[in-house]
Structures are given as structure tokens and as C-alpha cells.
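Side chains are part of it too, since the values below use all heavy atoms of this structure and drop only hydrogens, waters and symmetry mates. Read the numbers this way: they start at 1 and go in the same order the structure lists the ligands and their atoms. Start at 1 with the first residue, then count along the sequence.
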Amino acid sequence: MKSTYETNLDNLFEAIEKARLNQSEHHIVDIVAISKYSTTNEIKTLYEAGQQSFGENKIQDIKLKSKQLDKLPIRWHFVGSLQKNKINNLIDINPTLFHSLDSLELAYELDKKLKIKNKIMKCLLQVNSSFEHSKSGISPDDVLQTYRNIEINCSNINLKGLMCIGANSKDKQNIEKSFKITKDIYDKLRTATILSMGMSGDYETAIKCGSNMIRVGSKLFTKETIN
Ligand SMILES: *Cc1c(COP(=O)(O)O)cnc(C)c1O
């Protein structure tokens, strides 16, 4: 019999398959399982069900969980806001991808510390495309310039693309608008290959708008099977 997590994964695959085929059969979508509310045992169970990329939003959590699970070849993503005094901690964890680089100032600071440790980090620039004050990220008008600035001046940051969090709204059109704004900027960046958009409640909309990496937490870790 399948475990609940296997069923959750199967249901997610099925929904993604539909959403991505509406784009193109060449449109591939990566899943990052956001484990911020989950224990290491739950992560292990989902890993055994076939999920290999996991994401956390707090430095102390990614540090602890990646250490406890260091026998598994999990790809760890960091999706939370990074305080300057935690930069070295993140560098030492050596994440697969840092999704939430949200200011030029942070980029310069991160690059400086990466150079000292002789490390390279793959990052996404976070865009505040919902224009919500509670959200961090670069304002859409400044993204292109900031992106170029980092590419030119921060040689130890390997920028791979953009990330955004969909508008916090019940109105699907508002959510779609925030994704479309991000996609439009992404299309102008010839070197970008990753567009990280979409969570449990809005990943289908995000894929429709061109997302190729979704960050799904509650839908994967729920104990009840929801379709
Ligand atoms: C928590 C979180 C997610 C996942 O949210 P769910 O609604 O549980 O899928 C995705 N991205 C970020 C940045 C998060 O903090």
C-alpha cells in the first residue's frame, strides 16, 4: 500500500503534468518540497517516496535538518529572508539554490563573504511583484538593473533567475498578475533559466504563467489525502 506522502506526491505530479502540458511538452517543472513545518522523520519519508529537493526558510532549521539528514543526498534550498549576520551560516550549508536574494546590499555582502571562503552560490533574485509591503524583494522596475549589477560585480554569485511569492489574495487575477509581471522580467534576462513561482495554493496558476520551479509545502506534507 502507498504511504500518504507517496499519494500526495502522485497527486501533485498529476496536477503538474496537466498544467505543464498546457504550456508545452518541453516545459519541465521542478518541485522543491518546503519542509519548514515538518520534522526530519517526515522529510525522510517524503525523500523515500521519491522527493529529492527540500527547502527551508530559517537558517537554524536548514542547518539542523540538513545535519540530521546528512546521510541522504538531499538537495537543500533556502527560501527565507537572510539576515546579514547569518550569511556565513548559509555559505557553510552550501545550499543547492538560494531563492530569496532580495537586495543589492545583501548581494554585495554575500559576494564578499563568498570570496573570503572561496565559494560560489547559485541564487535567484526575489521580485516583489505583488507590491505588498509585508513582502521582501526588489521592486519590478529595478529588477533588470539590479540583476545586471550583480552579474557584473558579484563574481561569486551565480544568478540563475527570479523568484516571487504570489499576491496574497483570493482573487485569482491578482495572483496571476503578480506572476505575469515576474515572467515578463524573466523573459528579458537571456541568461536566466530558473523561474521559481507557485506554492500549494497557486502552483497551477504559476505554471500557467511560466513557472519552472514550484515550492510546495502543505500540499505534500499533509496527512490527509486531498485531491
Ligand atoms: C512556506 C513557503 C512555501 C510553501 O508554502 P505552502 O503554502 O505550504 O506550499 C513556499 N515558498 C516560501 C518562500 C515559503 O516560505
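Every side chain to side chain contact (heavy atoms under 4.5 Å, CB included) that Lys180 has, sequence neighbours left out, goes to Glu176, Cys209.
No donor-acceptor pair under 3.5 Å is formed between the side chain of Asn158 and the backbone N or O of Met121. Judged by distance alone, with hydrogens and angles left aside, the side-chain atoms of Ser178 form a donor-acceptor pair with the main-chain N or O of Ile175 at under 3.5 Å. Side-chain atoms of Thr39 come within 3.5 Å of backbone atoms of Glu42 as a donor-acceptor pair (strictly under, hydrogens ignored).
Under the 4.5 Å side-chain heavy-atom criterion for Ile, Leu, Val, Met, Phe, Trp and Tyr, Ile157 and Ile194 are members of distinct hydrophobic clusters.
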Identify all pairs of nitrogen or oxygen atoms, one from ligand 1 and one from the protein, separated by less than 3.5 Å, and list them with distances.
| unit_1 | atom_1 | unit_2 | atom_2 | d |
| --- | --- | --- | --- | --- |
| ligand 1 | 8 (O) | Ser218 | N | 2.8 |
| ligand 1 | 8 (O) | Ser218 | OG | 2.9 |
| ligand 1 | 9 (O) | Ser200 | N | 3.0 |
| ligand 1 | 9 (O) | Ser200 | OG | 2.5 |
| ligand 1 | 9 (O) | Gly217 | N | 2.7 |
| ligand 1 | 11 (N) | Arg215 | NE | 2.9 |
| ligand 1 | 15 (O) | Lys36 | NZ | 2.7 |

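The aromatic rings of Phe221 and Tyr5 sit perpendicular to each other, their planes meeting at more than 60°, with 30° as the lower class boundary.
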